[in-house]
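Structure first, then comments.
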Amino acid sequence: VSLRSVSFMLNKEKSQIPDFDDWYAPYTAEYQADPVMRWLKDARNFVEKEGDLELHSRARVRLLDEGQEDVPEVEFDVSPLLTQDEIALDIGPRLPERVRSHCVLAVERRWVAADQPDNELLDLLAHGYGKVAEVVAAAHAQCGVRMQTFGDEDHTRRPQRREQLGGRLSCMVAHAAL
């Protein structure tokens, strides 16, 4: 929904962007040719007019033991509302004591929309963000403005201005919790 709001805002501000129609046409053509961007638009329309997306969540659980090469693994459906920690806390007490004291339980999550079962939801959203971020930075450049943002990825006391990042941001990379 927020990604679509950016394109509405660009159109609203088109009088401020030199040669807007000619400049923006290749971006809209790229969006229309991109299956992920089309899915995001359709998903936005569904959420706005009909309701939430049907989400599914799968967990992959592995026992990691030092020196063990053949790691046991199990994958199963879980509620999309459970966190990785909650899944681990549910499974942990059912494991034998030797396993609890010598192994690490690794839980990986995967969220998918029912009509996109082969694509992680975070990957779809990150793709959309990346495309829209590139257009926003390009719009600023079209106006002769260097777009910057405040980056605080290193958690310093005073975040520094840096070039606006396009594409997938580091915070959009899913990590396994051990």
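- Between Glu75 and Arg110 there is no salt bridge, since none of the side-chain N atoms of the basic residue sits less than 4.0 Å from a carboxylate O of the acidic one.
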Donor-acceptor contacts under 3.5 Å from residues 49-56 side chains, at least two apart:
from	atom 1	to	atom 2	distance (Å)
Glu54	OE2	His56	NE2	3.3

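- Residues passing the side-chain contact (heavy atoms from CB on, under 4.5 Å) test with Ser2, sequence neighbours excluded: none.
- Under the rule for a salt bridge (Lys or Arg N to Asp or Glu O under 4.0 Å), Asp42 has no partner lying at least two apart in sequence or in another chain.
- Among residues two or more places apart in sequence or in another chain, the side-chain contact (heavy atoms from CB on, under 4.5 Å) test is passed with Val6 by Val132, Val136.
- Judged as a salt bridge (Lys or Arg N to Asp or Glu O under 4.0 Å), and not counting sequence neighbours, the contacts of Glu97 are Arg100.
- Evaluation of the side chain to side chain donor-acceptor pair (under 3.5 Å) rule for Asp77 yields Arg58 as partners, not counting sequence neighbours.
- Side chain of Glu120 to backbone of Val112: no donor-acceptor contact under 3.5 angstrom is found.
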Would you list the atom pairs, donor with acceptor, under 3.5 Å between side chains in residues 7-14 and any protein atom, with sequence neighbours excluded?
from	atom 1	to	atom 2	distance (Å)
Ser7	OG	Arg4	O	2.8
Ser7	OG	Arg4	NH1	2.7
Asn11	ND2	Ser7	O	3.0

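- Between the side chains of Glu48 and Asn45, no donor-acceptor pair of N or O atoms lies under 3.5 Å.
- The side-chain contact (heavy atoms from CB on, under 4.5 Å) check on Ser5 picks up nothing, with sequence neighbours excluded.
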Below 3.5 Å, can you tabulate the donor-acceptor pairs from side chains in residues 27-40 to any protein atom, sequence neighbours excluded?
from	atom 1	to	atom 2	distance (Å)
Thr28	OG1	Ala25	O	2.9
Glu30	OE2	Lys131	NZ	2.7
Asp34	OD1	Val36	N	2.9
Asp34	OD1	Met37	N	3.3
Asp34	OD1	His127	NE2	3.4
Asp34	OD2	His127	NE2	2.7
Arg38	NH1	Gln32	O	2.9
Trp39	NE1	Asp115	OD1	3.1
Trp39	NE1	Asp115	OD2	3.1

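- Although no hydrogens or angles enter the test, the distance criterion places a donor-acceptor pair under 3.5 Å between the side chain of Gln84 and the main chain of Val107.
- Among residues two or more places apart in sequence or in another chain, the salt bridge (Lys or Arg N to Asp or Glu O under 4.0 Å) test is passed with Asp22 by none.
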